[in-house]
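Worksheet: the structure to be examined is printed underneath.
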Amino acid sequence: MVQKLTPRSVDDSTWYTDVVQAAELADYSPVRGCMVIRPYGYAIWESMQQYLDQRFKAGGHQPAYFPLFIPQSFIQKEAEHIEGFAPQLAVVTHGGGEKLEEPLIVRPTSETIINAMYAKWIRSYRDLPILYYQWCNVVRWEMRTRLFLRTTEFLWHEGHTAHATADEAMKEVMAILDIYRELAQNEMAMPVIPGRKSDSEKFAGADATWTIEAMMGNKWALQAGTSHFLGQHFAKVFNIQFLDESNQLQMVWQTSWAVTTRLVGALVMVHGDDQGLRLPPRMAPIQVVLVPIWKTEEERCQVMAVAERVRAELGQHVRLKVDDRDDLSPGFKFNDWEMRGVPLRIELGPKDVQNNQAVLARRDMPARQNKCFVSLDALLSEVRKLLDDIQRNLYAQALRFRDENTFHPGNLEELTDAVGKGFARAYWCGSAECENRMKETTRATIRCVPMDQEKEPGHCVICGQAASEKAIFARSF
RNA sequence: CGGGGUGUAGCGCAGUUGGUAGCGCACAGCGUUUGGGACGCUGGGGUCGGAGGUUCGAGUCCUCUCACCCCGACCA
């Protein structure tokens with residue numbers, strides 16, 4: 001159940017797989033590259049789903065479901081799309097014991113099949129905008145996989161919208177990116193940099209891709225969510241046309257966007273420490289765990305009576321678990337729940353019951369030094385306050401870590417040095433030549449051109465030519 | 001597909017010059033324990049990744065094969 005974790009400082013990659021398995025978030029499956037998401041890991045994903053689902057619906061989006069299988073010919077319609085995805089496709093060639101007339105692609109993303117349907121449904125400007133999304137699995141045949149961060153099959157939502165104007169579609173792209181940013185920062189306590197992808201990094205078939213990029217605990221970047229402006233690429237190949245107010249035939253403008261179960265891995269990577277997970281309260285399946293302590297049967301009765309009362313009262317307001325397993329020592333449970341990242345622990349023993357108090361220990365600080373007593377009467381308000389505080393503190397810690405590991409190089413040599421240590425924020429002239437040259441010399445990539453920056457003229461960190469924008473350079477997952 | 005590594009109990013491992021498989025953890029039962037990873041006793045659990053070969057005899061030697069992990073190329 002509880003095992004020793006490889007310390008992060010020894011091997012961050014082994015630490016990660018240790019934590020994911022020890023905390024029972026996920027396990028390797030019999031199928032190479034695939035994973036089993038266990039209830040605790042799935043509960044974290046559900047926290048993300050619930051937040052996003054409510055945000056999407058509030059913005060007028062509607063969930064729907066499109067099929068897993070896509071006719072091969074659909075995928076092949078958009079040149080850039082097929083070029084991008086061809087190496088990653090899983091193809092079904094047989095069904096019912098017979099070879100299929102046309103092979104079926106297991107969806108790597110659903111632009112093609114959804115847009116084939118949109119072409120059927122859209123006739124008039126009155127049909128627009130269409131704001132659909134679906135929660136589903138997708139399959140991409142990856143070379144190398146890591147639990148949550150990159151698996152052959154993964155879960156996500158994908159939004160697919162169609163609009164009458166480019167302007168409206170762009171607003172949609174930005175609105176969704178903002179929801180992703182808020183999910184990351186406010187719910188996951190994970191600072192992110194919203195920005196635009198370079199052409200080489202953008203979605204295959206998009207005009208432009210916007211992203212939120214986060215720094216993981218090993219100082220690498222992780223693309224945490226993307227929102228694409230598809231322009232009219234798919235409208236053209238699937239012939240999605242409508243009549244506007246003046247009876248003119250027009251092509252729709254489209255967006256697509258997604259975040260995936262990778263975010264569960266991001267949560268682990270960003271906040272975890274040598275003791276295991278540290279979950280931000282807003283995402284934690286269990287926000288507070290109560291560990292009762294007793295010696296004698298009489299003490300057990302007294303303590304459990306109070307524990308039950310706490311469960312009845314506090315349990316209405318926070319996600320609380322009372323760990324009443326009687327075959328494990330309190331010390332074991334402390335370590336166990338810390339490893340599983342529960343933000344706040346209540347210790348309740350005979351002495352506490354006597355004094356009408358409990359001990360609170362927070363996961364975001366070294367526990368032994370930071371325990372505090374709290375009156376049972378003030379438990380709810382204190383727990384609420386601490387959970388808020390933990391949420392804020394985890395964000396602050398992650399932000400400080402990112403800032404401390406972000407550098408501002410002025411030339412290629414400094415850039416090479418910087419991307420070996422963390423993020424580099426530097427001018428880029430925007431040319432693919434410079435991007436390629438940098439990739440070859442540094443093993444890093446351009447993660448994004450941040451939206452939030454002053455447009456002051458400078459000099460490209462690679463070629464020295466005039467440049468007007470800074471980009472984030474980093475090694476990435 | 002290249003480089004590295006590992007396959008022996010659920011997990012982690014040991015197994016000598018070939019001689020018929022063991023340790024720790026976990027698991028089950030009982031008892032004592034419980035304020036930072038408790039302890040004792042008893043017990044269950046194995047086609048040694050697979051195939052072939054050498055041998056009186058293979059976890060061990062030889063050949064082939066498969067799987068998985070880590071590092072790269074590809075990617076959310």
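Note: hydrogens, waters and symmetry copies are ignored here, and every other heavy atom, side chains too, is used.
For P350(A), whose side chain is taken as the heavy atoms from C-beta onward, the closest listed nucleotide among A73(B), G35(B), G36(B) is G35(B). Comparing G35(B), G36(B), G37(B) by their nearest atom to the side chain of F332(A) picks out G37(B). For R368(A), the side-chain atoms get nearest to G36(B) when compared with the rest of G36(B), G35(B), C70(B). Listed nucleotides: G37(B), C74(B), G72(B). Nearest to the side chain of E142(A): C74(B). Taking only side-chain atoms of F334(A), from C-beta outward, the nucleotide of G36(B), G37(B), C70(B) with the closest atom is G36(B). Nearest to the side chain of E347(A), among G36(B), C74(B), C69(B), sits G36(B). For Y28(A), counting side-chain heavy atoms from C-beta on, the closest listed nucleotide (G37(B), G36(B), C69(B)) is C69(B).
Taking a pair to require two hydrogen-bonding distances under 3.5 Å in either a Watson-Crick or a G-U wobble arrangement, G7(B) pairs with C66(B). Base-pair partner of C56(B): G19(B) (Watson-Crick or G-U wobble, both distances under 3.5 Å). Pair check for A73(B) finds none; no Watson-Crick or G-U wobble contact set falls under 3.5 Å. For U47(B), there is no paired nucleotide, since no Watson-Crick or G-U wobble pair has both relevant distances below 3.5 Å. Across the strands present, C39(B) finds its partner in G31(B); the criterion is a Watson-Crick or G-U wobble pair with both atom distances under 3.5 angstrom.
The gap from the C1' atom of C56(B) to that of C39(B) amounts to 49 Å, rounded to the nearest Å. Comparing the C1' positions of G44(B) and C64(B) gives a spacing of 37 Å, expressed to the nearest Å. Nucleotides G43(B) and A26(B) have their C1' atoms positioned 14 Å apart, rounded to a whole Å. Spacing of C1' atoms, G15(B) relative to C23(B), comes out at 10 Å, to the nearest Å. U20(B) and G59(B) have their C1' atoms separated by 11 Å, with the value rounded to a whole Å. The gap from the C1' atom of C13(B) to that of U6(B) amounts to 12 Å, rounded to the nearest Å. Taking atom P in both U42(B) and U47(B), the straight-line distance is 26 Å, to the nearest Å. The gap from the P atom of C68(B) to that of U8(B) amounts to 15 Å, rounded to the nearest Å.
C69(B) atom C1' lies 11 Å from atom CG of L147(A), rounded to whole Å. Spacing between atom CD of Q369(A) and atom P of G36(B) amounts to 13 Å, rounded to whole angstrom units. Rounded to whole angstrom, the span from the NZ atom of K439(A) across to the P atom of G72(B) amounts to 16 Å. Atoms CZ (R443(A)) and C1' (A73(B)) sit 11 Å apart, rounded to a whole Å. Atom-to-atom, CZ of F477(A) to P of G72(B) comes out at 10 Å; the value is rounded to the nearest Å. In this structure, Q302(A) places its CD atom 15 Å from C1' of G35(B), rounding to the nearest Å. In this structure, CH2 of W15(A) is placed 18 Å from C1' of C69(B), rounded to the nearest angstrom. Regarding Y16(A), its OH atom lies at a distance of 14 Å from the P atom of C69(B), rounded to whole Å.
Side chains of Y395(A) and N186(A): a donor-acceptor N/O pair is absent below 3.5 angstrom, by distance only.
Judged by distance alone, with hydrogens and angles left aside, the side-chain atoms of R345(A) form no donor-acceptor pair with the main-chain N or O of K333(A) at under 3.5 Å.
Heavy-atom distances to RNA chain B give each of F148(A) and T145(A) a nearest nucleotide, and the one nearer the 5′ end belongs to T145(A). Mapping Q88(A) and S13(A) onto RNA chain B by nearest heavy atom places S13(A) closer to the 5' end of the strand.
Counting non-hydrogen atoms of neighbouring residues, nucleotides and ligands closer than 6.0 angstrom, the CG atom of N356(A) exceeds 12 such neighbours.
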Atom pairs and distances, donor-acceptor, side-chain atoms in residues 469-477 of chain A, under 3.5 Å, two or more places apart:
{"residue": "E469(A)", "atom": "OE1", "partner": "R196(A)", "partner atom": "NH2", "Å": "3.3"}
{"residue": "E469(A)", "atom": "OE2", "partner": "K455(A)", "partner atom": "NZ", "Å": "2.8"}
{"residue": "S476(A)", "atom": "OG", "partner": "R447(A)", "partner atom": "NH1", "Å": "3.3"}

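Considering only residues two or more places apart in sequence or on other chains, F334(A) meets the ring-ring contact (aromatic ring centres under 6.0 Å, His included) condition with none of them.
When heavy atoms are screened at a 4.0 angstrom cut-off, A367(A) is found touching base atoms of the nucleic acid. Using a 4.0 Å heavy-atom cutoff across all strands shown, L149(A) reaches at least one base atom of the nucleic acid. Counting non-hydrogen atoms under 4.0 angstrom, V359(A) reaches a base of the nucleic acid.
A salt bridge links D178(A) to R181(A): at least one charged side-chain nitrogen sits closer than 4.0 Å to a carboxylate oxygen. Salt bridge absent: R402(A) and E213(A) never bring a charged side-chain N and a carboxylate O closer than 4.0 Å. The pair D389(A)-K385(A) does not meet the salt-bridge criterion, since no charged nitrogen lies less than 4.0 angstrom from a carboxylate oxygen. At a threshold of 4.0 Å, the pair D323(A)-R325(A) counts as salt-bridged, since one of the basic side-chain nitrogens sits closer than that to a carboxylate oxygen.
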Are any protein N/O atoms closer than 3.5 Å to N/O atoms in nucleotides 31-34 of chain B? If there are, list each pair with its distance.
{"residue": "U34(B)", "atom": "O2'", "partner": "W294(A)", "partner atom": "O", "Å": "3.0"}

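Ring geometry for F56(A) versus W257(A): interplanar angle of 30 to 60°, hence tilted.
Phosphate proximity of G72(B) to R475(A): present, with a side-chain N or O under 4.0 Å from OP1 or OP2.
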